[in-house]
Amino acid sequence: MFGGAYDGKKVLITGHTGFKGSWLTTWLLQLGARVAGYALAPPTNPSLFRACGLIDRIDHTEADVRDGGWLRETVSRWKPDFIFHLAAQPLVRDSYVIPVETYDINIMGTVHLLEAVRREGHACSVVVVTSDKCYENREWEYGYRETDRLGGRDPYSASKAVVETVVASYRSSFFSSDTGVRVATARAGNVIGGGDWSTDRIVPDAIRALQAGTTLIVRNPSGVRPWQHVVEPLGAYLWLGARLSTHGGEALADAWNFGPAESETRRVAELADALVTAWGDGRWQPQDGADGPHEAGILRLCIDKAQASLGWRPVWNFNTALTRTVNWYKAVPMDDTEAGVASEACLEDIGAYEGEAREKGAAWTL
Ligand SMILES: NC(=O)c1ccc[n+]([C@@H]2O[C@H](COP(=O)([O-])OP(=O)(O)OC[C@H]3O[C@@H](n4cnc5c(N)ncnc54)[C@H](O)[C@@H]3O)[C@@H](O)[C@H]2O)c1
């Protein structure tokens, strides 16, 4: 997998205590990597990080990405071959409540990380995770391309647009090809999958409602989003990191969209219907007089560049992603006391994903 790029290699993940970070840590450990993580305590309770018992399997630093000194000390001590930067305030609605913190964590956290890499001055491949929301949203029916204008109406989206600019600036100012530092950004779609217990995200909100037998309230049923199972963008980040580290990889130090096939994008209402159907019981209804803070309506991603230049394409369709997600929550209890069950459920999804990718001839499995 991934050309064996991670076997025995040192990887630093920021945001490893979160939803995507815990999946990525699990996958990298399975690929034979030595993993260090840098993040605040898990942001949710229950937490996938705790449920998988990851703290005992990695070099764990609990610290703030805005603490440039600690970050630099961590990079200096661990000397990672690869860095995946996921730490962020990742919720659009929270960003309306804590805009200053959102800008600070997302933008300055990235600046401190890149500065640590610059000052420690050793070769490594860095994947900075931004978002599909970094584009100026025009409510277009077609997918955004990497060359489309960046922007963001809400503080979260704007912060990720700025992160894109910061990375491009560091790349051209400090990381010339002779430094051996290769930095790319990854703009992925809305992620679903087991083990997300965040608030104000439709899947965890739905699972809580379905388990409690209450009605799921849906804010924006006509919204369109590029839903993906969490293993899709993570596999893409891993492939991008692996390719960056190869001969000629500096040409790939750029911005990349990773999303579902165009035909697999769905409206929020379709996702809610599918969740209730897969659960086998339950109900949802639109929020009455929904007049909360603005959220984008239509959001699609064009993934032509990743297909053409990385040979990356999604493996699972919407139905598989949805069914796997619901089955995960059915298999794993809503507390994090049963060590092993959550880990096994994640490894089962990762194994199935790798297997199907291999059958389909995905470039990263060859
Ligand atoms: N989940 C999605 O649908 C989605 C979609 C596109 C992009 N993303 C991006 O993926 C990344 C991970 O998202 P997630 O869904 O796993 O979020 P999450 O909330 O589950 O995890 C966030 C992580 O960041 C850490 N963190 C937050 N503030 C920090 C700080 N000040 N210092 C150090 N660590 C801090 C948390 O401790 C946690 O480990 C984020 O950058 C997010 O913007 C997520």
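Here, residue 1 is the first one in the sequence, and each next residue gets the next number.
A single hydrophobic cluster is not seen to contain both Val162 and Leu150; linkage of ILVMFWY side chains at heavy-atom distances under 4.5 Å, directly or through other members, places them apart. By the criterion of side-chain heavy atoms lying less than 4.5 angstrom apart, applied directly or through intervening Ile, Leu, Val, Met, Phe, Trp or Tyr residues, Val341 is grouped together with Leu29 in one hydrophobic cluster.
Taking the six-membered ring where the residue is Trp, Trp312 and Phe258 present perpendicular rings, their angle passing 60° and hence far from 30°. The aromatic rings of Trp197 and Tyr329 lie perpendicular to each other, with more than 60° between the two planes, well past the 30° mark. Using a 30° and 60° split on the angle between ring planes, His60 and His16 fall in the perpendicular class, above 60°.
The main-chain N or O of Asn106 is never found under 3.5 Å from a side-chain atom of Gln89 such that the two would form a donor-acceptor pair. The backbone N or O of Arg182 lies less than 3.5 Å from no partner atom in the side chain of Ser125, so there is not a single donor-acceptor pair. Side chain of Asn190 to backbone of Trp227: no donor-acceptor contact under 3.5 angstrom is found. Side-chain atoms of Glu232 come within 3.5 Å of backbone atoms of Val315 as a donor-acceptor pair (strictly under, hydrogens ignored). Judged purely by atom type and a 3.5 angstrom limit, Ser172 uses its side chain to pair as donor or acceptor with the backbone of Ala168. Between the side chain of Ser343 and the backbone N or O of Gly340, no donor-acceptor pair lies under 3.5 Å. A distance-only check finds no donor-acceptor pair linking the side chain of Lys133 to the backbone of Lys160 [under 3.5 Å]. Between the Asp104 side chain and the Arg66 main chain, no donor and acceptor come within less than 3.5 Å of each other. Panel note: side chain Trp78, backbone Val11; a donor-acceptor pair is recorded below 3.5 Å. A distance-only check finds no donor-acceptor pair linking the side chain of Ser157 to the backbone of Arg153 [under 3.5 Å].
One side chain, Tyr170 or Glu115, offers a donor N or O that lies under 3.5 Å from an acceptor on the other. Using modelled atom types, one finds a donor on one side chain and an acceptor on the other under 3.5 Å when comparing His85 with Thr110. Glu262 and Tyr142 are not linked by any side-chain donor-acceptor pair at a separation below 3.5 angstrom, with hydrogens and angles left out of the test. Side-chain contact check for Tyr135 and Arg187: at least one donor-acceptor pair (N or O, by modelled atom type) lies under 3.5 Å. Side-chain contact of Thr130 with Glu164: a donor-acceptor pair under 3.5 Å is present, judged by distance alone.
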Point to revise | Stepwise ring-ring contact (aromatic ring centres under 6.0 Å, His included) test for Tyr237 and Trp23 | key: CA-CA 12 Å; Tyr237 304 161; Trp23 276 89; over 10 Å; no
Check your understanding: Taking it one step at a time, do Arg324 and Glu348 satisfy salt bridge (Lys or Arg N to Asp or Glu O under 4.0 Å)?
Key -> CA-CA 10 Å; Arg324 287 256 163 206; Glu348 149 69 22; 3.1 Å; yes
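By the 4.5 Å heavy-atom criterion applied to side chains, Val203 and Asp196 are not counted as neighbours. Between Val97 and Ser95 the shortest side-chain heavy-atom distance does not fall below 4.5 Å. The shortest side-chain heavy-atom distance between Phe19 and Pro204 does not fall under the 4.5 Å cut-off. Between Val117 and Phe174 the shortest side-chain heavy-atom distance does not fall below 4.5 Å. Residues Val163 and Cys134 form no side-chain contact, since every pair of their non-hydrogen atoms from C-beta on lies 4.5 Å or further apart.
The nearest pair of heavy atoms linking Gly8 to Arg34 is O-CD, 4.0 Å.
When the side-chain hydrogen bond (donor to acceptor under 3.5 Å, both in side chains) test is applied to Trp27, the partners found at least two apart in sequence or on another chain are Glu354.
Distance check, rounded to the nearest 0.5 Å: CZ of Arg283 to CG of Leu210 gives 9.5 Å.
Ring centroid separation for the pair Tyr353 and Trp364 comes in under the 6.0 Å cut-off.
The environment of Arg145 atom CZ is sparse: at most 12 non-hydrogen atoms of other residues, nucleotides or ligands sit within 6.0 angstrom. Summarising the local packing, CZ of Arg57 is surrounded by 12 or fewer heavy atoms from other residues, nucleotides or ligands at distances under 6.0 Å. Within 6.0 Å of atom CH2 in Trp70, 12 or fewer heavy atoms from other residues, nucleotides or ligands are found, so the atom counts as exposed in its surroundings.
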Scan the side chains in residues 301-310 for donor-acceptor partners under 3.5 Å anywhere in the protein, sequence neighbours excluded, and list what turns up.
from, atom 1, to, atom 2, distance (Å)
Lys305, NZ, Asp254, OD2, 3.0
Lys305, NZ, Ala255, O, 2.6

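Taking a cutoff of 4.0 Å between a charged side-chain nitrogen and a carboxylate oxygen, Glu356 and Arg358 do not qualify as a salt bridge. Using a 4.0 Å cut-off between charged nitrogen and carboxylate oxygen, Arg225 and Glu270 do not count as a salt-bridge pair.
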